[in-house]
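First comes the structure, then the notes that go with it.
All chains are named by letter (A, B, ...) in the order of the sequence lines, taking the proteins before the strands, and each is independently numbered beginning at 1. Not measured: the values here are computed from a predicted model.
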Amino acid sequence: MSEPLVQVRGVRKEYRRGTEVVPVLDGLDLDIQAGDYLALMGPSGSGKSTLLNLLGGLDQPTSGTIRVGGTSIEGLSSNELASWRASHVGFIFQMYNLLPVLTARQNVELPLLLTPQSKAERTHRADAALALVGLSDRANHKPAELSGGQEQRVGIARAIVTDPELLLCDEPTGDLDRKSGDQILDLFDALNREAGKTIVMVTHDPRAAARARRILYLDKGVLVREEA
Amino acid sequence: MQLWTVIWMNLRSLPGRLAATSVAVIGIGGVVMVLVATLAMSQGFKAALNVAGASDIAVIVRGGSSGELASNLSDAEAKVIEDAPGIARDAHGPLVSPEVYVLVDLPMIGSGTAANVPFRGVGPHATALRSHFKLVAGRLFAPGLDEVIVGRGAASQFRGIRLGQPVRFGTKQWTVVGIFEDQGSVTESEVWTDVHVLQSSYRRGSGIQSVRAQLLAPEATERLSSALKADPRINVAVATEKAFYSEQSRALVTLVTTLGSAISLVMGIGAVFGAINTMYAAVAARTREIATLRAIGFSGGAVLASVLVEALLIGVAGGVLGGLLAYVGFDGYRASTLNFQTFSQLTFAFSITPAVLTTGILYSVVLGLLGGLWPGYRAAHMSVTAGLRSL
Ligand SMILES: Nc1ncnc2c1ncn2[C@@H]1O[C@H](COP(=O)(O)OP(=O)(O)OP(=O)(O)O)[C@@H](O)[C@H]1O
Ligand SMILES: [Mg+2]
């Protein structure tokens, strides 16, 4: 087998609260193959979001190494990380995090502004991403004019518009009703099976986790169990 | 490209933060108003002293005296000056005005406090030696009579000066027979009468304080000056009117400019803290938005730029506001102050020139940028993960 897309070795993460050191991740090892779809579960405070943020280069581990697509991201500067994120990962947030002053299309176009693409190219790509999530008719709506499920679909369109290998989702259905949540999970299925995206999804919902190929359980900063 | 997006997005969200923003704008506006007003004031001094200051008119006082008040020249000395080279003449003789200069007390219109008003006795050529001189009401004083004419500035600043009305200076009663203007110059702060009348009224004998002379050309100053210096009968200082006035007001202009700048600086520090506060609030309100942009891959520099641009706009808005307030409130406003160098009251008009306004707005830009620097730096370097967790 070739090198896994994500390779986590001996990762520790501590937060400092005043003089107190809070250990969150405690010597974690993890491999994620390209094309995998992984659900991350565990009690609140177990370090799920922390791990996801480390995989996406939003934060640096206290020690250990993280390789994503052959790049050791734990050694990058904050600016190098930012441009690495722009082309290699897509984030999907529980609260969608759309920019309220922008329309759906402009929100989706946002990551493309970091590429050298022309305006026409960007609009074309943003519209294609919106079509993929079934929101072509909402392109000119502001987030406030969309339902939660629609907002999250815009969030997904924004995450995939640059065509990254890795999608990182932190409780993407946590704020949605079952029906809208199922639509999101259907989209993930399609993105994983048809577009070959590697997905890591943090969730508290066993039904959502069951849609993934693998389920990982995290507790007190260590991986305790894995189900296929 | 990413820069413009972040800047533009930030500005789009500005309306939601209008209240805090206007506080900062008003703070900076107040500072700029004070700065512009003080600059306009010293500009007004300079204008008052400059208009009067011709380069082809010489003012001659006793050597070593700091101004007209401390100078005295005898009749004989005045004769020597009149015959010196470089001075223009017509068929009747040299174009000079021997002048007596005393100070009289008059109450100011606003406060009623007494101020020193220059009372000048002038020779027949005096009005010709002030090229902007113009009677705006009444007539000239008649030689030999106890009549005075009053500058427009003095007439508007001091109590008891009315055309056709008597006024008491020293032991004598005078009649105001005319009002004159001189393009807002320092001369407008004065009261004039016939030189011989003033000499006898103040028991000056035939002594005078200064001689004003029309030069053949501005270059003739040198000739006149060196001729008089070489003359053993006499010890005088020769200066063009322009140089004379600017020397007379140097201390006042310096004081006002220094004081105004110091006040503006201290107020400016306060306004910077106001702006810092506002920008902190602006950044706090956008924490999650900024963190999201950073997660997507936007650089810290773009975030910093967006904060700086907002701060800059706040600064410029404050500057425009302050400049406008100062303009509406002060431009052309007449006031007077004691020129402690000449011990006389100087009337002037606040003059808000484009240069003054530009200085005010530049200052506001600096204040705004200083206010945005630290909050912007913090925003650019904040933890993305912590920002994403905030609401
Ligand atoms: N920036 C931070 N500073 C200090 N402590 C932090 C920080 N981020 C996370 N923590 C702590 O690290 C621990 C793990 O947090 P994390 O957000 O990874 O948990 P989680 O598994 O995602 O929980 P939840 O299911 O509630 O989202 C928690 O105890 C949290 O308080
Ligand atoms: Mg979490």
What part of [X] gets closer than 4.5 Å to chain B, counting heavy atoms only: side chain, backbone, both or neither?
{"X": "A/Asn97", "answer": "both"}
{"X": "A/Pro116", "answer": "neither"}
{"X": "A/Leu102", "answer": "side chain"}
{"X": "A/Gln106", "answer": "side chain"}
{"X": "A/Leu99", "answer": "side chain"}

Taking A/Arg158 for its side chain and A/Tyr96 for its backbone only, find out whether a donor-acceptor pair lies under 3.5 Å.
yes
Would you check if the side chain of A/Thr173 reaches a backbone N or O of A/Leu176 as a donor-acceptor pair within less than 3.5 Å?
no
Would you mind telling me which of B/Thr292, B/Leu293, B/Val384 has the largest number of heavy-atom pairs within less than 4.5 Å of chain A?
B/Thr292
Among B/Gly297, B/Ser383, B/Ser299, single out the residue with the greatest number of heavy-atom pairs under 4.5 Å to chain A.
B/Gly297
Salt-bridge test for A/Glu109 and A/Lys119: reply yes if a basic N is under 4.0 Å from a carboxylate O, no otherwise.
yes
Find the one option among A/Asp170, A/Leu110, A/Thr162, A/Asn79 whose heavy-atom pairs under 4.5 Å with chain B are most numerous.
A/Leu110
Decide yes or no on side-chain hydrogen bond (donor to acceptor under 3.5 Å, both in side chains) for B/Ser306 and B/Arg286, but give the supporting numbers first.
CA-CA 11 Å; B/Ser306 78; B/Arg286 292 201 303 138; 3.3 Å; yes
Any side-chain donor-acceptor pair under 3.5 Å between B/Thr353 and B/Ser351?
no
Side chains of A/Leu113 and A/Arg122: closer than 4.5 Å at any heavy-atom pair?
yes
